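Computation of the quantities below employed the complete heavy-atom set of this structure, encompassing side-chain atoms and omitting hydrogens, waters and symmetry-equivalent molecules. Letters A, B, ... are given to chains in the order of the sequence lines, protein chains preceding strands, and every chain is numbered from 1. As the structure is a prediction and not an experimental result, all values here were calculated from the model.
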Amino acid sequence: MLNRIHDLYDELERERVMLSFKGALTPELVTALLGAVERKVGSLEPDPRTRKRVFNVVMECLQNLYHHNAEPKLENSDPGAAIEPHGVVMIVHTEKGYSVLTGNFMDGAEVERLKTHLDRINSLQVEELREFYRATLADGKYGRNGGGGLGMIDIARKSGGKLEYGFVAYDKDNAFFSLNVNVTS
Amino acid sequence: MAPLQLEGSPKTPTVNFDPETGLLELKGRSIPENSIDFYKPLIDWLDKYGREPKPKTALHVQLEYFNTSSSKCILDVFKKLEGVRATGNEVTVLWHYEADDEDMLEAGEDYAGIINIPFKMIQIEEVDGN
């Protein structure tokens, strides 16, 4: 493992990874990561609109990880163990802008619903997306965390591009969800 | 009734609700993980204020960032003020946005399109945030 640390660093450097994190998120950690991203993007990105969009996307993605992650219970794990939000995030400075990549475990039964939602978002043009946002904002429905389905719509609006995503079956109850959001500068 | 004053933090806005002047302010960043908890005292305060409002109420919103968890809570704040307006009082929302922040202007327009209160869009140089 020891000799792979430098390889790992090299690879992250080569891929122009600005920040990467894997593990359990807390609100304090979300704040700290956002602070790091704000400083880094502030020094790299001359366009204030792009800076804000990157911050917004990272914020929504990190809070998605915080809210929606459940580490799947492994067969041999302590059944009483607390389930912490658990995931992976990587922010990459690309040729065209920035990529915010996140991955988290989710309830396999929710995959179809999320996929339908993402496909709908990806099928919409800018103005249609704004209409969808307004309608969802006004619908009076609240999610567990207040957002009520606005998160992915907002991420897509701030990205200005299509959301790239994938699901991998993990076990009979859980799936791993990967999301790549590109923000072009 | 007492004013509602909350100091801003890296994730929550500065709140200044003054029942004597009818001047309400929400400034800074609204990006907490659980916005419902943060906004509950604001909604409760507005409920009370709505029973004995000033003839003129002005809400200044000057946010640098807000997350989608806050979006519906902010809408609830506006809905409370919509109620104040419906009982014959003058209510205005003054939505401040930075000159280069077209997204924040659009966000204000999104609310203005949903809520029956006159919005004034006010362009500013830079948000005095956290």
Side-chain angles (χ1 to χ4, degrees), chain A residues 25-32 34-35 38 46-68 85 126-127 129-160 183, chain B residues 8-13 28-40 42-43 62-80 82 97-117 119 123-127 129-130:
Chain A
L25 280 171
T26 62
E28 294 73 25
L29 206 44
V30 171
T31 309
L34 281 174
E38 194 171 20
D47 176 38
R49 189 182 188 192
T50 304
R51 281 207 293 266
K52 286 202 165 149
R53 288 189 151 194
V54 173
F55 183 87
N56 257 299
V57 167
V58 173
M59 169 183 74
E60 288 294 329
C61 286
L62 286 177
Q63 292 186 335
N64 270 346
L65 286 190
Y66 174 75
H67 287 305
H68 299 294
V126 173
E127 271 309 307
L129 205 51
R130 188 174 184 184
E131 274 312 307
F132 188 27
Y133 180 92
R134 276 196 194 190
T136 308
L137 178 61
D139 72 6
K141 288 180 205 144
Y142 288 80
R144 195 160 36 104
N145 312 300
L150 287 170
M152 288 297 174
I153 309 175
D154 187 62
I155 288 170
R157 281 182 80 183
K158 298 283 161 43
S159 155
V183 182
Chain B
S9 78
K11 279 189 178 162
T12 57
R29 296 181 173 196
S30 182
I31 58 170
E33 275 72 24
N34 193 332
S35 298
I36 293 173
D37 286 350
F38 176 80
Y39 279 91
K40 179 146 195 324
L42 279 68
I43 301 296
Q62 188 170 320
L63 294 173
E64 192 188 5
Y65 292 109
F66 66 92
N67 60 4
T68 56
S69 170
S70 298
S71 300
K72 292 205 176 187
C73 298
I74 294 170
L75 183 71
D76 280 344
V77 168
F78 293 148
K79 279 186 181 162
K80 289 290 167 198
E82 211 175 29
Y97 67 99
E98 286 183 50
D100 53 45
D101 197 351
E102 204 179 305
D103 291 334
M104 194 54 83
L105 172 62
E106 281 194 9
E109 291 169 354
D110 288 342
Y111 283 117
I114 295 170
I115 290 292
N116 193 19
I117 297 177
F119 272 59
Q123 197 185 84
I124 52 166
E125 282 311 306
E126 200 179 324
V127 167
N130 294 283

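- Remark: A:Glu60 CD to B:Tyr65 OH distance equals 12.5 Å, nearest 0.5 Å.
- Going from atom CD of B:Glu33 over to atom OG1 of A:Thr31 covers 6.0 Å, rounded to the nearest 0.5 Å.
- The existence of a salt bridge linking B:Glu98 and A:Arg51 is excluded, since no basic side-chain nitrogen approaches an acidic carboxylate oxygen closer than 4.0 Å.
- Take A:Asp154 and apply the side-chain hydrogen bond (donor to acceptor under 3.5 Å, both in side chains) test, not counting sequence neighbours, and it matches A:Lys158.
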Q: Start with the C-alpha gap between B:Lys72 and A:Leu137, add the side-chain angles, then the distance that decides, and say whether side chain to side chain contact (heavy atoms under 4.5 Å, CB included) holds.
A: CA-CA 6 Å; B:Lys72 292 205 176 187; A:Leu137 178 61; 4.1 Å; yes
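- Applying the ring pair (Phe, Tyr, Trp, His ring centres under 6.0 Å) criterion to A:Tyr133, with sequence neighbours excluded, gives no partner residue.
- Of the two parts of B:Asp100, the backbone and the side chain both hold a non-hydrogen atom closer than 4.5 Å to a non-hydrogen atom of chain A.
- Atom CZ of residue A:Arg49 and atom CE of residue B:Met104 lie 12.5 Å apart, to the nearest 0.5 angstrom.
- Only the side chain of A:Leu34 comes within less than 4.5 Å of a heavy atom of chain B; its backbone N, CA, C and O stay farther away.
- In this structure, OG1 on B:Thr68 lies 7.5 Å from CD1 on A:Ile155, to the nearest 0.5 angstrom.
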task = Carefully, step by step, assess A:Arg130 and B:Glu109 under the rule side chain to side chain contact (heavy atoms under 4.5 Å, CB included).
result = CA-CA 11 Å; A:Arg130 188 174 184 184; B:Glu109 291 169 354; 2.9 Å; yes
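- Residue contact with chain B, scored on non-hydrogen atoms closer than 4.5 Å, involves the side chain of A:Glu38 exclusively.
- Looking only at distances, no side-chain donor or acceptor of A:Lys52 sits under 3.5 Å from a matching main-chain atom of B:Glu64.
- Top candidate by heavy-atom pairs under 4.5 Å with chain A, chosen from B:Asp101, B:Asp110, B:Ile114, is B:Asp110.
- At least one side-chain heavy atom of A:Pro27 sits less than 4.5 Å from a side-chain heavy atom of B:Lys11.
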